[in-house]
J.: 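Questions regarding the structure given below will be posed in turn.
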Amino acid sequence: MPELPEVETIRRDLTPLLVGRRVTRVRIHAGGERLAITDPPRVFERRLQGRGVVGIDRQGKYLLLRLDDGWTWVIHLRMTGSIVHVPAEAPLGRFERARIDLDDGSTLRFNDLRKFGTWHLVEDAAEAMPHSGPDALSEAFTPEWLLSRLRGRSTSVKAVLLDQSVCAGVGNIYADEACWIASVDPRTEASRIGPVRARRLHAAVLETLGASLANRGSSFSDYRDGLGAAGLHHVRVHVFRREGQACERCGGIILKARVAGRGTHFCPRCQRK
DNA sequence: ACTATGCCCTGGGTGC
DNA sequence: TGCACCCAGGGCATAG
């Protein structure tokens, strides 16, 4: 499941390969009908054809391909999507949903087992992500901002961390990891978090995202970088999918519970409510 | 305004 | 071996 570190790794991989290139042909395969949100598949293909890529940005988990007509091609990978740069002759993948041919003879393949990924072609990227707040790595994401969004809420800390209007880019893996680093029980009612723990949580979010980014992301299942390789960070996590194992900080047994509708991993001994 | 739930989708795992 | 079920979860719509 690509979250901020994974999407940023892809952005960095694809930037030198795509910027300055022109799209010569796009094919959304049968079965990929739901991929293009803003237009029917054939219209989407035609509108991208001939467009040059002038830059790639990222906002939260969204990849923003800036086009030479001023529009933006907004890509979201959801859980199982990947976008990989390969030679034209590379075989059709089992879960390939679309193929983009570039003017240097190379191609991009959009793979997505579960077909949750989305493409938008929009004049203003905000149209495609109306609920997105400050990116977790932006200067707008501050301890004060996080505290203001925790205040007065009866929901769990985990639910607030997963809220893309609070810290865009944090998903299930890094919400659990941040809670562990900050020694906060993810089930804690948000309103119980004061300035001290809000500051710790804020620092923990930056720490876990930074560590994963340095390892090119986590590949628990389908995530692949822009060149098709797995990330390296999944073996370095503290709690995510480590239920039943010993907490490396206190020796407690890591539990798994359902919090905010998501599988949630934490150490009940050293993570406090 | 806030909160919880269900939907989309398919492969992999489990239990009988 | 086969089959039915459950689980994974990001973002959105909907209900309460």
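Below, read A as the first sequence line, B as the second, and so on, with proteins coming before strands; counting in each chain starts at 1.
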J.: With the side chain of Leu162(A) defined as its heavy atoms from C-beta on, choose the nearest nucleotide among dG10(C), dG11(B), dC9(B).
T.: dG10(C)
J.: Measure the distance from CD1 on Ile75(A) to C1' on dG10(C) and round it to the nearest whole Å.
T.: 16 Å
J.: Going by side-chain heavy atoms closer than 4.5 Å, which hydrophobic residues are tied to Phe95(A), directly or by a chain of links?
T.: Leu113(A)
J.: Find which nucleotide of DNA chain B each of Arg262(A) and Ser156(A) is nearest to by heavy atoms, and output the residue with the more 5' nucleotide.
T.: Ser156(A)
J.: Return the 5'-most residue of the pair Gln164(A), Arg258(A) with respect to DNA chain C, ranking by each residue's nearest nucleotide.
T.: Arg258(A)
J.: Measure from NZ or CZ of Arg242(A) to the centre of the six-membered ring of Trp180(A) and say whether it is under 6.0 Å with the direction within 45° of the ring axis.
T.: no
J.: Roughly, in whole Å, what's the span from CG in Leu77(A) to P in dG11(C)?
T.: 11 Å
J.: By the 4.0 Å heavy-atom rule, please label Arg97(A) as base, sugar-phosphate, or nothing.
T.: nothing
J.: How about Thr72(A) and Arg66(A): does a side-chain donor come under 3.5 Å of a side-chain acceptor?
T.: yes
J.: Under 4.0 angstrom, heavy atoms only, what part of the nucleic acid is Phe220(A) near: base, sugar-phosphate, or nothing?
T.: nothing
J.: Expressed as a whole number of angstroms, how long is the span from Arg78(A):CZ to dC8(B):C1'?
T.: 9 Å
J.: How would you label the contact of Ser154(A) with the nucleic acid (heavy atoms, under 4.0 Å): base, sugar-phosphate, or nothing?
T.: sugar-phosphate
J.: When you get a sec, tell me which of dG11(C), dG11(B), dT3(B) is the closest nucleotide to the side chain of Arg153(A)?
T.: dT3(B)
J.: Across the strands shown, which category fits Met1(A) at heavy-atom distances under 4.0 angstrom: base, sugar-phosphate, nothing?
T.: sugar-phosphate
J.: Could you check whether the side chain of Arg114(A) and the base of dA8(C) have a donor-acceptor pair of N or O atoms closer than 3.5 Å, going by distance alone?
T.: yes
J.: Calculate the interatomic distance between Trp119(A) atom CH2 and dG10(C) atom P; express it in whole Å.
T.: 22 Å
J.: Under 4.0 Å between a side-chain N/O of Lys256(A) and OP1 or OP2 of dA8(C), yes or no?
T.: yes
J.: For the side chain of Lys115(A), counting heavy atoms from C-beta on, which of dG10(C), dC9(B), dA8(C) is nearest?
T.: dC9(B)
J.: Taking only side-chain N and O atoms of His76(A), does any of them lie within less than 4.0 angstrom of OP1 or OP2 on dG11(C)?
T.: yes
J.: Select base, sugar-phosphate, or nothing to describe what Gly263(A) touches, counting heavy atoms under 4.0 Å on all strands.
T.: sugar-phosphate
J.: Compare the minimum distances between each of dC12(C), dT3(B), dG10(C) and the side chain of Thr155(A), then state the nucleotide with the smallest one.
T.: dT3(B)
J.: Would you call Arg262(A) and Asp176(A) a salt bridge, using N to O less than 4.0 angstrom?
T.: no
J.: Would you sort out whether Val53(A) and Arg21(A) count as a side-chain contact (heavy atoms from CB on, under 4.5 Å), showing the intermediate values?
T.: CA-CA 6 Å; Val53(A) 178; Arg21(A) 297 271 67 80; 5.5 Å; no
J.: Rounding to an integer number of Å, can you tell me how far Arg149(A) CZ sits from dT3(B) P?
T.: 10 Å
J.: To the nearest angstrom, how far is Leu113(A) atom CG from dG12(B) atom P?
T.: 7 Å
J.: In whole angstroms, how far is the P atom of dG10(C) from the NE2 atom of His120(A)?
T.: 18 Å
J.: Return yes if a side-chain donor-acceptor contact under 3.5 Å exists between Asp103(A) and Thr24(A), otherwise no.
T.: no
J.: Nearest to the side chain of Lys61(A), heavy atoms from C-beta on, is which of dC2(B), dG11(C), dA8(C)?
T.: dG11(C)
J.: dC7(C) P sits how many Å from His265(A) NE2, rounded?
T.: 14 Å
